[in-house]
S.K.: 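Got a structure for you, written out below as structure tokens; questions coming shortly.
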Amino acid sequence: MTVHLHWFLPTGGDGRTLVDRHAYTDGGITRDRAVSGVRAPDIDYLIQIAKAAEQLGFEAVLTPTGTWCEDAWLTTVALAQHTERLKFLVAFRPGVISPVLAAQMASTYQRITRGRLLLNVVTGGDSTEQRRFGDHLDHDRRYARTAEFLSVVRGAWSGRPFDYEGEHFRIEGGLTALPPDPLPEIFFGGSSAAAGPVAAEHADVYLTWGEPPWQVKEKIDWIRGLAEERGRTVRFGIRLHTISRDSAREAWATADRLLSDLDAGTIAAAQQVLGRSESVGQQRMLALHEGGSLGRDRLEISPNLWAGVGLVRGGAGTALVGSHAEVADRIEEYHDLGVEHFVLSGYPHLEEAYWFGEGVRPELAARGLLPTVLPSPLLGVPAANGRPASAPGGAPLLVAGGR
């Protein structure tokens, strides 16, 4: 089993800081202060990230969904016109779209991109956000609806009229006239008791956020057992940030710099908002740093696993921090537990893609975890400091929409 490496598209904005989307007083409607180092998610900048990810050998890029992001379907189909091999892991909420329409959209997407779609089904853990899109179901009923939604999608992909009657959907003759080829793999995450059976029944890849290895193992065992009861096999993935450098000292210095932007008020405001989330996974993330109460020198919660990101950001709240070899060690450790897909990110996403792609990826290939090391077209081009010209610290990186 080899490792599948994926990167992230910051369609809600990017920058050199953790606080660009969290300097809010009212949950995201207005900002209470200007934040420096923020890059708008304009199409030119996102093209740079997508092309860098493809060049560096990432298989796909995850595109988030929500109020503060550009629409994932529209953005990624535009980016597909500027890339050749890169796949797009499109996140969407099943509660705000018809399942037959979603099946049709996925089919069209596969033909337009020649088979480069992956689907990330996001049930939703924030009722305020769900109501904003017209969804008024509670947490557990949302997962029940997701199960029905995915049943309909797969039925519509069968190429034959499909009938379905459930609590949330009633479909008569649901059909995708031209089914997608290949069928998009479905990525799905959820840590609650309501989420587990949905993953076991419908997911191709179960995604977890970056918890310590022993906790990830517990989740894998849980989902694997539920899937076996249903006669299915589920693969596993993990969502992490990364800060890898030529030395551990450089990596931890970068993590410390990110923390230096965070004052106590910013952390407290973010934790108050995140603490209201209904997501069990989000609550598990908050518990890793004890709701922000851990001292800044105690945020390494497992070797090379740093919980600093989760002080102000929802979702994935941990980062692998260390030398390229150390980060590769941790990836290998998770891989040994059964994790196959690694969905990674870093701030800023353009520069960190190069740090990881040119630093960690060769380490993984040397250990037999990747099939090949893709040659860079700039390989061997010198920079003033001896690093490849494509790398941060080498020739300047041109960043559209940044400052």
Side-chain angles (χ1 to χ4, degrees), residues 5-18 20-21 35-65 68-91 112-114 116-118 120 239-245 254 258 313 316 319 342-362 373-381 383-385 387-403:
L5 296 175
H6 312 288
W7 198 243
F8 185 84
L9 280 173
T11 58
D14 196 12
R16 302 186 305 274
T17 173
L18 295 178
D20 56 334
R21 287 184 294 166
V35 179
S36 62
V38 176
R39 301 173 187 174
D42 62 64
I43 192 67
D44 290 333
Y45 180 57
L46 295 176
I47 288 171
Q48 288 189 67
I49 296 174
K51 286 187 170 182
E54 182 170 72
Q55 174 193 320
L56 293 164
F58 290 99
E59 181 177 329
V61 284
L62 170 64
T63 307
T65 184
W68 317 116
C69 309
E70 298 286 21
D71 177 76
W73 293 95
L74 295 175
T75 301
T76 56
V77 82
L79 294 175
Q81 309 311 302
H82 297 272
T83 53
E84 296 178 1
R85 303 177 308 277
L86 189 69
K87 297 178 182 179
F88 297 92
L89 180 50
V90 175
I112 289 174
T113 65
R114 295 178 175 85
R116 291 193 279 153
L117 175 65
L118 306 170
N120 180 31
R239 176 78 182 89
L240 288 158
H241 304 285
T242 71
I243 304 173
S244 72
R245 295 293 185 270
T254 301
L258 289 172
R313 284 189 178 271
F342 292 79
V343 184
L344 308 170
S345 54
Y347 302 99
H349 286 77
L350 182 59
E351 288 91 323
E352 288 297 335
Y354 279 101
W355 279 113
F356 184 93
E358 295 177 343
V360 181
R361 197 179 191 283
V373 177
L374 296 182
S376 166
L378 295 176
L379 189 64
V381 178
N385 61 359
R387 292 183 58 77
S390 57
L397 292 166
L398 303 179
V399 179
R403 61 179 187 272

S.K.: With sequence neighbours left out, what residues match T65 under side-chain contact (heavy atoms from CB on, under 4.5 Å)?
M.R.: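 Expected list: A91, R93, V122.
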
S.K.: Quick check on side chain to side chain contact (heavy atoms under 4.5 Å, CB included): which of V90, L89, D71, L117 does T76 satisfy it with?
M.R.: V90

S.K.: Can you check whether H241 reaches L344 side chain to side chain, under 4.5 Å on heavy atoms?
M.R.: no

S.K.: Return a table of donor-acceptor pairs under 3.5 angstrom between the side chains of residues 77-84 and protein atoms on other chains or two or more places apart.
M.R.:
residue : atom : partner : partner atom : Å
Q81     : NE2  : V77     : O            : 3.1
T83     : OG1  : L79     : O            : 3.2
T83     : OG1  : R116    : NH1          : 2.9

S.K.: Measuring from atom CG of L46 to atom NZ of K51, what distance do you get when rounded to the nearest 0.5 angstrom?
M.R.: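 Spacing of CG (L46) from NZ (K51) equals 13.0 Å.
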
S.K.: Side chains of Y45 and D14: donor-acceptor distance under 3.5 Å anywhere?
M.R.: yes

S.K.: Measure the CG-CD distance between D42 and Q48 for me, rounded to the nearest 0.5 Å.
M.R.: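 CD of Q48 is found 8.5 Å from CG of D42.
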
S.K.: Taking C-beta and beyond as the side chain, do F88 and L118 meet within less than 4.5 Å on heavy atoms?
M.R.: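 Side-chain contact under 4.5 Å: no.
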
S.K.: Mind checking side-chain hydrogen bond (donor to acceptor under 3.5 Å, both in side chains) for T242 and listing every partner two or more places apart, or none if nothing turns up?
M.R.: none

S.K.: Write down the atom of L56, the atom of A353, and the distance for their closest heavy-atom approach.
M.R.: CD1-O, 3.2 Å

S.K.: So, using side-chain hydrogen bond (donor to acceptor under 3.5 Å, both in side chains) as the criterion, who are the partners of E70 when residues are at least two apart?
M.R.: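 With sequence neighbours excluded, E70 shows a side-chain hydrogen bond (donor to acceptor under 3.5 Å, both in side chains) to no residue whatsoever.
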
S.K.: Is a donor on one side and an acceptor on the other found under 3.5 Å between the side chain of R85 and the backbone of E54?
M.R.: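 Yes, R85 side chain to E54 backbone: donor-acceptor pair under 3.5 Å.
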
S.K.: Could you measure the distance from the CG atom of L74 to the CD1 atom of I43? Nearest 0.5 Å is fine.
M.R.: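 The distance works out to 10.0 Å.
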
S.K.: Roughly how far, to the nearest 0.5 Å, is the OG atom of S244 from the CZ atom of R361?
M.R.: 13.5 Å

S.K.: Heavy atoms, side chains only, cut-off 4.5 Å: are L9 and L62 in contact?
M.R.: no

S.K.: Using salt bridge (charged side-chain N to carboxylate O under 4.0 Å, His left out) as the criterion, list what pairs up with R245, not counting sequence neighbours.
M.R.: E352

S.K.: Using side-chain heavy atoms (C-beta onward) and a distance below 4.5 Å, is P64 in contact with F8?
M.R.: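 Yes, at least one pair of side-chain atoms sits under 4.5 Å.
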
S.K.: Are the side chains of L86 and V61 in touch, meaning some heavy atoms are under 4.5 Å apart?
M.R.: yes

S.K.: How long is the straight-line distance from CD1 of I243 back to CG of L258, given to the nearest 0.5 Å?
M.R.: 5.0 Å

S.K.: Does some side-chain heavy atom of V343 sit less than 4.5 Å from a side-chain heavy atom of L240?
M.R.: no

S.K.: Can you tell me how far OG1 of T254 sits from CZ of R16, rounded to the nearest 0.5 angstrom?
M.R.: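 R16 CZ to T254 OG1: 13.0 Å, rounded to 0.5 Å.
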
S.K.: Is R239 close to F342 at the side-chain level, that is, under 4.5 Å between some pair of heavy atoms?
M.R.: no

S.K.: Return the set of residues passing ring-ring contact (aromatic ring centres under 6.0 Å, His included) with F356 (not counting sequence neighbours), or none when no residue passes.
M.R.: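 Per chain and number, F356 pairs via ring-ring contact (aromatic ring centres under 6.0 Å, His included) with F58.
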
S.K.: W7 vs H349, test: side-chain contact (heavy atoms from CB on, under 4.5 Å). Steps then yes/no.
M.R.: CA-CA 9 Å; W7 198 243; H349 286 77; 3.9 Å; yes

S.K.: Between G357 and P362, what is the shortest heavy-atom contact and its length?
M.R.: O-CD, 3.5 Å

